[in-house]
Protein chains: 2
Amino acid sequence: MQEIVPKFESIFTVDCVVFGFDEGELKVLLIERNEEDYTGWWALPGYYVQQDEGLDPAAERILYELTGLRDIYMEQFYAFGDVDRHPQGRVITVAYFAMIRLNPLKELKPVINYARKAFWHPINDLPKLAFDHTQIFEKSLEKIRRKISYQPIAFELLPEKFTLTQLQHLYELILNKKLDKRNFRKKMLNYGILKELDEKQRGVSYRAATLYKFDRRKYARLFQKELSFSK
Amino acid sequence: MQEIVPKFESIFTVDCVVFGFDEGELKVLLIERNEEDYTGWWALPGYYVQQDEGLDPAAERILYELTGLRDIYMEQFYAFGDVDRHPQGRVITVAYFAMIRLNPLKELKPVINYARKAFWHPINDLPKLAFDHTQIFEKSLEKIRRKISYQPIAFELLPEKFTLTQLQHLYELILNKKLDKRNFRKKMLNYGILKELDEKQRGVSYRAATLYKFDRRKYARLFQKELSFSK
DNA sequence: CCAAAAGTGTTTGTCATACACCCATGA
DNA sequence: TCATGGGTGTATGACAAACACTTTTGG
């Protein structure tokens, strides 16, 4: 009996789903394509992996080249390899996600001209994206919804100092449901991973809220003790 | 500015981690390799994906060809793409796992001669596997440990009729810790996804235990209501 | 009658949930 | 003084955890 399955070669890429939080909205980082196939379309930042490059480093590099963003921890979540997902032929993509502190003032600057521009777009109003990127995005949403239920990844999205209400709104956005204010505060404060600051909100025309910081040390001490959030 | 990242082509494969339960042990399905690189070594069943073949179908086909097992639902869990994971060059692999009802009488017969044989091996006694398959296996273990905590996938491993004690032993094996008998039974029966049969165990030299079946209908009705199992 | 596993309840504490009013601030 | 969000407590029910003895059966 001989080998009946020929090896074949495929191009492969990495795509990044980067979430940010701004103006009370969850946003995702997109680029406008400047290359053949879907030219001018919006897409997730993604590109070809290099010959001598691991997947994780490729994801970091590609995100940087397309958006100028660096040093962002990303987590691989799924590989997409449908036969017809790419018009050029067989292209498998490995998808990563990240949640970051969005700085609205920081300009996003593609370093290579594969992207015309990079920008933040609200997740509730996404048009159809290039390739199967809509599907990739949906899968990443599922993933972070599940993940936020057992790990406090929401902090990654907030500014360093934040109010409990901001934190709650963020959870509500991600989980897509209302949470009870008193219960939310009780629970969050109970975890002991928030540090209350002496500082208050400024410039609001109502009672100023206390600011908090996420206490990474205490969180680390909880090891992988997983936090849960069902309602 | 010109494109600074050359596309390159890579071979890619699928690897399968299939868990079974037999003789009171958790086992994993291995093959003995019959090809260059790690010839004669034990490895996870895995092979090249074809040109016109999606990842999921590839996983099904490859498992069949290497072990003779068919119609097994597998779930993708991670892509491994370290630069030096394969001696032949850059080979990315997409890994799948499955949990199945192991039939110790059914002979495992590779259909193509890439594998000399396929066999079940206890997971607690694994030698070093070919390529990075040890690492892939470890990751799959993490994955099923997490998954069993919120979905009753353990049933997939058991014979159709089983006793509560068998089920508990299986949970203990996977989670690698002792569970309390009374609490375990209470919780399991409470979920309402077990159907008590009129039948008892036979041929044991002690009090015969009641047999149960997993009730897929009732489980489906719980939608994705997730079951939890911490202790 | 012995060995081996089956089967069975109660108590305690923690945590999720539901729910409504007063407080502080700036305009 | 009003509008706006900030901030607070209690009662109920569900569920996790800890814990030990009696029952059944075959050999």
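In what follows, chains carry the letters A, B, and so on, assigned in the order in which the sequence lines appear, proteins first and then strands, with residues in each chain numbered from 1. Note: hydrogens, waters and symmetry copies are ignored here, and every other heavy atom, side chains too, is used.
Atom CG in L167(A) sits roughly 16 Å away from atom C1' in dG5(D) (whole-Å rounding). Atom CD of Q168(A) and atom C1' of dG6(D) are 12 Å apart (whole Å). For the pair L189(B) CG and dC15(D) P, the interatomic distance rounds to 14 Å; values are reported in whole Å. Per the geometry, CG belonging to D180(A) stands 14 Å off P belonging to dG6(D), to the nearest Å.
D215(A) places a side-chain N or O within 3.5 Å of a backbone atom of K218(A) that can act as its donor or acceptor partner.
The side-chain hydrogen bond (donor to acceptor under 3.5 Å, both in side chains) pairs that include a residue from residues 115-128 of chain B are E32(B)-R116(B), N34(B)-R116(B), where partners are two or more places apart or lie in different chains. Residue pairs meeting the side-chain hydrogen bond (donor to acceptor under 3.5 Å, both in side chains) criterion with at least one partner in residues 95-110 of chain B, sequence neighbours excluded, are D56(B)-Y96(B).
For N183(B) and dA18(D), a side-chain-to-base donor-acceptor distance below 3.5 Å is present, hydrogens and geometry of angles not being considered. With hydrogens and angles ignored, no donor-acceptor pair closer than 3.5 Å exists between the side chain of N190(B) and the base of dC15(D).
Residues forming a ring pair (Phe, Tyr, Trp, His ring centres under 6.0 Å) with H169(A) (at least two apart in sequence, or on another chain): none. Legend: residues meeting ring pair (Phe, Tyr, Trp, His ring centres under 6.0 Å) with Y38(B), ordered by chain and number and at least two apart, are W41(B), F131(B).
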Extract all donor-acceptor atom pairs below 3.5 Å that involve side chains of residues 201-214 of chain B and protein atoms in other chains or at least two apart in sequence.
{"unit_1": "Q201(B)", "atom_1": "OE1", "unit_2": "A209(B)", "atom_2": "N", "d": "3.0"}
{"unit_1": "T210(B)", "atom_1": "OG1", "unit_2": "K200(B)", "atom_2": "NZ", "d": "3.0"}

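Nearest-nucleotide mapping onto DNA chain C: of K186(B) and H169(B), the residue sitting toward the 5' end is H169(B).
Note on T210(A): every side-chain N or O is 4.0 Å or more away from OP1 and OP2 of dG6(D). In this model, the phosphate group of dA16(D) is approached by a side-chain N or O of K187(B) to a distance below 4.0 Å at OP1 or OP2.
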Let me have a per-nucleotide readout for nucleotides 20-27 of chain D, 5' to 3', with B, S or -, counting only protein heavy atoms under 4.0 Å. B--BBBSS

